[in-house]
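Every heavy atom of this structure was used, including side-chain atoms; hydrogens, water molecules and symmetry mates were not. So you know, we letter chains A, B, ... as the sequences are listed, proteins then strands, and number each from 1. Computed from a predicted structure; not experimentally measured.
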Amino acid sequence: MLKIRYDRKIVADSREYAAKIAGDIYNRFIRGFSTDSIERTTLRFLGVEGATSLGQPKVNSVVEKVKKNSDISLGVLLAVAREMAVSGADFQSAVNIVSDGTLSSIPPSREALEKAKNNIKRLAVLKYEELAGKRRKREEFKKSFQPQKTPLRYLIVATGNIYDDVIQARAAAEAGADIIAVIRSTAQSLLDYVPEGATTEGYGGTYATQENFRIMREALDDVSKKLGRYIYLTNYSSGLCMPEIAFLGAFEGLDVLLNDAMYGILFRDINMKRTFCDQFFSRMICAVSRIIINTGEDNYLTTSDAVERAHTVLTSLFINEAFAKIAGMKPEYMGLGHAFEINPQIEDSFSLELSQALLIRHIFPKSPIKYMPPTKHMTGDPFYSNLLDAMFNLASKMSNQHIHLLGMMTEAMHNPLIMDRYESLKNVNYIFNAASSLASQIQIRKDSLINRRAQEVLSKAYELLQKVQKEGLDNAISNGEFADIKRYSDSGKGVEGVYKKGKEYFNPVFDILLEKTGGER
Amino acid sequence: MTQLFSNLIKAYGDRRDDGVIQLSFTLPVEYGQKAKQIGKIFAEKLGLREVNVTAVEKVGDGFTMFVVYGHCDVVLDVDKIDIPVVEFTIYSREEVDTLIGKNIGRKIKVVGACTGFDAHTVGIDAILNMKGFAGDYGLERYRWFEVYNLGAQITNEKLIEKALSVGADAILLSQVVTQRNIHKENSLDFVKRIEEKGLRNRFILILGGPRIDHPLAVSLGFDAGFGAGTKPSEVASYIYSRMLELKDR
């Protein structure tokens, strides 16, 4: 890889500060808390699915009813266990009774309750094994293909209709895409439930549902076999249903999930307590299912200046890495994100971009770094945009990024047309091939702009980490340190769905995940 | 310049009136021997002559993309076309501040949001936030604007309520997502609500977004529309000019 110079001691110190920052959030906001979405995920994990007669997802109905008729701070499963103990119902029937709101009011005997809890614990182990089996099967399937050369070519489909998405995804894979991402319908991240079934109506994208995941996975497995190349499937979990979507993704064999509390806090105004908890739980699911997470630091540069504020991206990457470690994730699955967003009119902008890309690649050597194309300076002139994308492609190849999102020459105009995607692949295929070994043949001069810039960004990131550690991440966010956006710990969406776990809180799914992931906490 | 020809125009390739245009499109036909002819016929049906199909490529199973060049006989008399344009002088931020101070004599209140399910604040932020866009500071930075940026995903009703409660002079509605014309539907809904409340003349209504232009905004019932690349100082200048007109009325 093309080598750059920077102070490794500062990197090590930065990691220490990031670990303290994430640890502080874990202790204050995550440990000892559960959320609506975590409780719903727990139910999904145990096989609760479908909708009530009113069309509400059953898991939502159960959580709502427990909040109304019982004590949610003890967990939905305790309410279910009590019902099993009193009425002698099996797990699914007890869930239905809770969902219908016709809970028995008689307290169960201690023995019956213990027995019911043990039944749920056994079910949790069984369901965990089922999920692990799915993971193993997928890994075997993946292993039957040759590994692809990096950077992997990541393309989005966003028709709103899952069946049209399939057509476009197949075309994209055939033209050379390695990863297909199905963009979600605008603002799905703010829905406090996961819609059901196959969907054909969405705005700016297609709803993330279990059935849509299944349909696309089946199509991509089929096209993988046809092409002799494994096609990865990506979807998006950040938002109010982060753990639920992570579970559904794991269950249906997704490979990559956008998963980032910081993104939700800053860009979707989701309450930080809620989403830090949700992120932790969802990352444990990703850890046991070996799903690559993607973080959204690239977005910072759409609101902040990409030259002046480049270091905020690096600071956040260190923090996001620390959060992933707490959830027990391995670096090989931390798809930390950054972007090519410097104003193209600036002199030497390409050197600055290359410097940033190399720095991040070096600091996180094992991580499947996600590199985002230019969006902010795309103008509506597809010819010029195609040129910017070519420079982005070159920077990506020269710095060997891992997950390479293809830029679209019609960025800022409309959702990509089938031919936009084709031209984009033609562009990237040319550059990746033309610059195949370029980086191994050249060196970066010691006293060069690229090296100086890398050291400068690293030093600033380190200073910011020190500051954030002193203030606490929640206060740093309130002070607008990231993306120039201010958010507060007691406001934002989903704040009412967070609760402190009671002493008798019962959740064997949580326990299994904590045990299996064994993160640094 | 001879008046006889000057207002009649055809597309320009490399000499006057050659009518050359370029075009690319995809047809759901299998790539193969017939595809090129199908693309050519398609272009001819669009009214092109001497069609030259320069690229025929398979973009997927059953889909072929074409790049074609051809001569187009469309002639326009530019002078006879009536296009509504926003007429106002564009000032710098300093000039706008001076002019408002001198000629309006009070702060102009502006409320803005991206309403509906649209989650994109990029447009409204570019115009209103301190930071602005392309080196041009946003309205928050102006001494004589009082700005309320409500962000994204709020209802049209809430935007109107806020405008009333702060006594706004102007409302900025941003619409970014355009799939299935949701931006037009939502904008129409906004204007309808304003009209139903009898508030149409109470506020200066401005529509903005990457797919918005002035004629579209006017046709939807707004006073002005601003598209991609609009700088905050342009919007500020427009609001000032309109305030001045309203004052003189």
For [X], is it the side chain, the backbone, both, or neither that has a heavy atom closer than 4.5 Å to a heavy atom of chain B?
X: Leu417(A); answer: neither
X: Gln188(A); answer: neither
X: Glu423(A); answer: side chain

Checklist entry - Per the side chain to side chain contact (heavy atoms under 4.5 Å, CB included) rule, which among Val191(B), Thr115(B), Ile194(B) passes with Asn156(B)? => result Thr115(B)
Next on the checklist: At a heavy-atom distance under 4.5 Å, which candidate from Glu174(A), Arg421(A), Gln345(A) has the highest pair count against chain B?
Outcome noted: Glu174(A)
Item to check | Option in Ile167(A), Leu190(A), Thr302(A) with maximal non-hydrogen atom pairs under 4.5 Å from chain B | outcome: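 The candidate making the most pairs under 4.5 Å is Leu190(A).
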Checklist entry - Where does Asp61(B) contact chain A at under 4.5 Å (heavy atoms): side chain, backbone, both or neither? => result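 Contact with chain A: backbone and side chain both.
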Checklist entry - Which residue pairs satisfy the salt bridge (Lys or Arg N to Asp or Glu O under 4.0 Å) criterion with at least one member in residues 261-270 of chain A, sequence neighbours excluded? => result Asp269(A)-Arg487(A)
Checklist entry - What orientation do Phe145(B) and Tyr142(B) show, parallel under 30°, tilted 30 to 60°, or perpendicular over 60°? => result perpendicular
Next on the checklist: Any carboxylate oxygen within less than 4.0 angstrom of a Lys/Arg side-chain nitrogen, looking at Lys493(A) and Asp192(A)?
Outcome noted: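 Not counted as a salt bridge, because no side-chain N and carboxylate O are separated by less than 4.0 Å.
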Next on the checklist: Walk me through whether Gln175(B) and Asn186(B) qualify under side chain to side chain donor-acceptor pair (under 3.5 Å).
Outcome noted: CA-CA 8 Å; Gln175(B) 295 285 279; Asn186(B) 193 48; 3.0 Å; yes
Next on the checklist: Pair Lys376(A), Asp298(A) - check salt bridge (Lys or Arg N to Asp or Glu O under 4.0 Å), show working.
Outcome noted: CA-CA 11 Å; Lys376(A) 193 176 169 183; Asp298(A) 41 279; over 6 Å; no
Item to check | Top contributor to chain A interface from Ser24(B), Pro210(B), Ala228(B) [non-hydrogen pairs under 4.5 Å] | outcome: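 With the most close heavy-atom pairs to chain A, the winner is Ser24(B).
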